[in-house]
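Following: one structure in structure tokens, then a few remarks.
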Amino acid sequence: MKGLFITFEGTEGSGKSTQAPLLVDRLREWGHTVRVFREPGGTPIGEEIRHTLKHSHANAAMTAEAELLLMNASRAQLVREVIRPALARGEVIVCDRFYDSTTAYQGYGRQLDLTTVRHVIDLAVGPTRPDLTFFLKVPLALSEERLRSRQATMPFIRDRIEEADRAFFERVAQGYDAAAAAEPKRIQIINASGTVAEIQSAIWRIVAPLVATRGVQTW
Ligand code: TMP
């Protein structure tokens with residue numbers, strides 16, 4: 001039995017980290033065995049890499065190339081240590097970010113060569129690809145507003161990637177649009193300017209028929 005692999009994507013403050021757990025709760029209520037992860041991270045090795053990428057005091061000089069490789073080192077570990085075994089058991093995997101983030105942030109945002117970025121992703125994930133991806137799309141101004149209010153509640157947590165300028169985040173948004181246009185079947189664009197409940201319903205309308213028709217593991 002093959003499981004189901006769902007990922008969430010979007011810019012900072014798009015609501016992914018609210019919606020992913022809501023979907024997990026709903027799937028569990030329906031009796032599915034669900035595992036939830038975030039990227040970078042999700043394994044002990046990946047969480048250390050996450051700290052290096054985002055919060056470490058030693059990360060200020062990190063190059064775009066090192067960032068690309070560290071994101072994908074974390075991913076290579078997550079895929080082999082947990083995602084593949086769980087999918088093989090027929091479970092549902094929900095992941096807060098996956099390789100579309102690399103296309104958007106390192107490819108478009110940092111402007112690394114897109115073919116090289118694709119090759120690095122290919123090495124990290126091999127044949128393990130999401131069945132379905134939700135791209136939670138918000139206008140950049142709303143993303144910035146939500147990010148500012150989050151930073152105001154946690155001013156002591158520094159995040160290297162969030163320190164990038166507006167032009168970087170404009171390119172990231174373009175990167176997501178390009179990824180979604182290239183794979184319209186896998187990447188579902190969700191208007192994430194609405195309420196939490198509205199966005200949750202839009203997501204469930206797409207997931208419910210999928211889990212109903214697939215033989216995923218249930219208790
Ligand atoms: P988040 O978990 O709060 O979304 O933080 C993850 C950060 O890492 C976010 O700024 C996006 C960034 N990121 C990349 O730049 N490339 C990637 O491949 C991934 C997974 C995340």
Side-chain angles (χ1 to χ4, degrees), residues 4-24 34-55 62 64 67-84 86-87 92-110 112 117-118 120-126 128-138 140 143 146-147 150 157 159-164 168-169 171-180 182-183 186-190 192 199 203 207:
L4 182 66
F5 184 14
I6 300 172
T7 61
F8 280 82
E9 295 285 356
T11 52
E12 304 2 66
S14 58
K16 294 175 293 86
S17 308
T18 303
Q19 291 298 330
L22 290 173
L23 176 61
V24 170
V34 189
R35 302 191 54 152
V36 58
F37 301 104
R38 66 174 179 184
E39 275 213 329
T43 64
I45 290 171
E47 289 297 323
E48 291 206 355
I49 294 173
R50 179 183 177 91
H51 176 75
T52 302
L53 279 161
K54 285 171 61 103
H55 310 299
M62 187 180 293
E67 182 178 282
L68 170 69
L69 292 168
L70 285 172
M71 291 291 178
N72 283 279
S74 169
R75 178 166 304 135
Q77 189 67 31
L78 181 68
V79 163
R80 286 157 188 80
E81 189 176 324
V82 290
I83 294 181
R84 284 183 189 164
L87 290 175
V92 181
I93 298 277
V94 174
C95 202
D96 182 346
R97 298 192 181 279
F98 200 55
Y99 58 68
D100 299 307
S101 286
T102 302
T103 304
Y105 283 76
Q106 281 67 55
Y108 284 77
R110 301 286 189 222
L112 291 175
V117 168
R118 208 182 59 240
V120 174
I121 291 171
D122 288 347
L123 173 66
V125 304
T128 306
R129 311 273 163 170
D131 298 296
L132 175 64
T133 297
F134 291 109
F135 165 30
L136 271 50
K137 185 167 169 153
V138 284
L140 190 53
S143 173
R146 288 179 180 173
L147 182 60
R150 195 175 74 197
I157 300 183
D159 185 320
R160 185 184 55 85
I161 298 168
E162 290 177 3
E163 288 168 356
F168 172 84
F169 288 105
R171 291 195 299 274
V172 170
Q174 285 163 10
Y176 274 127
D177 287 340
E183 285 185 79
R186 173 176 67 88
I187 304 182
Q188 299 286 323
I189 302 175
I190 302 287
I199 302 163
I203 290 169
V207 175

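In terms of the ring pair (Phe, Tyr, Trp, His ring centres under 6.0 Å) criterion, F169 has no residue partners (sequence neighbours excluded). Under the rule for a ring pair (Phe, Tyr, Trp, His ring centres under 6.0 Å), Y99 has no partner lying at least two apart in sequence or in another chain.
Judged by the 6.0 Å and 45° rule, R75 forms a cation-pi pair with F98. Figure legend: R110 and Y105 shown without cation-pi pairing, the cationic atom not lying both under 6.0 angstrom from the six-membered ring centre and within 45 degrees of its axis.
L69 contributes atom CG, which lies 10.5 Å from atom CD1 of I49 (distance to the nearest 0.5 angstrom). A distance of 9.5 Å separates OG of S14 from CD of Q19, quoted to the nearest 0.5 Å.
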For this session: Report the C-alpha distance between E12 and R150 in whole Å, list the side-chain angles of each, state the deciding distance to 0.1 Å, and finish with yes or no for salt bridge (Lys or Arg N to Asp or Glu O under 4.0 Å).
Result: CA-CA 10 Å; E12 304 2 66; R150 195 175 74 197; 5.3 Å; no
Exercise. When you look at E39 and C95, which way does the side chain to side chain contact (heavy atoms under 4.5 Å, CB included) test go after all the steps?
Worked result: CA-CA 7 Å; E39 275 213 329; C95 202; 4.1 Å; yes
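Atom CD of E162 has more than 12 heavy atoms from other residues, nucleotides or ligands within 6.0 Å.
Distance alone, capped at 3.5 Å, is enough to place a donor-acceptor pair between the S74 side chain and the G41 backbone. Looking at R84, its side chain never comes within 3.5 Å of a backbone N or O of R80 through a donor-acceptor pair.
When all heavy atoms of I187 and A179 are compared, the pair lying nearest together is CD1-O, 3.5 Å. Closest of all the heavy-atom pairs between K16 and P21 is O-CD, 4.2 Å.
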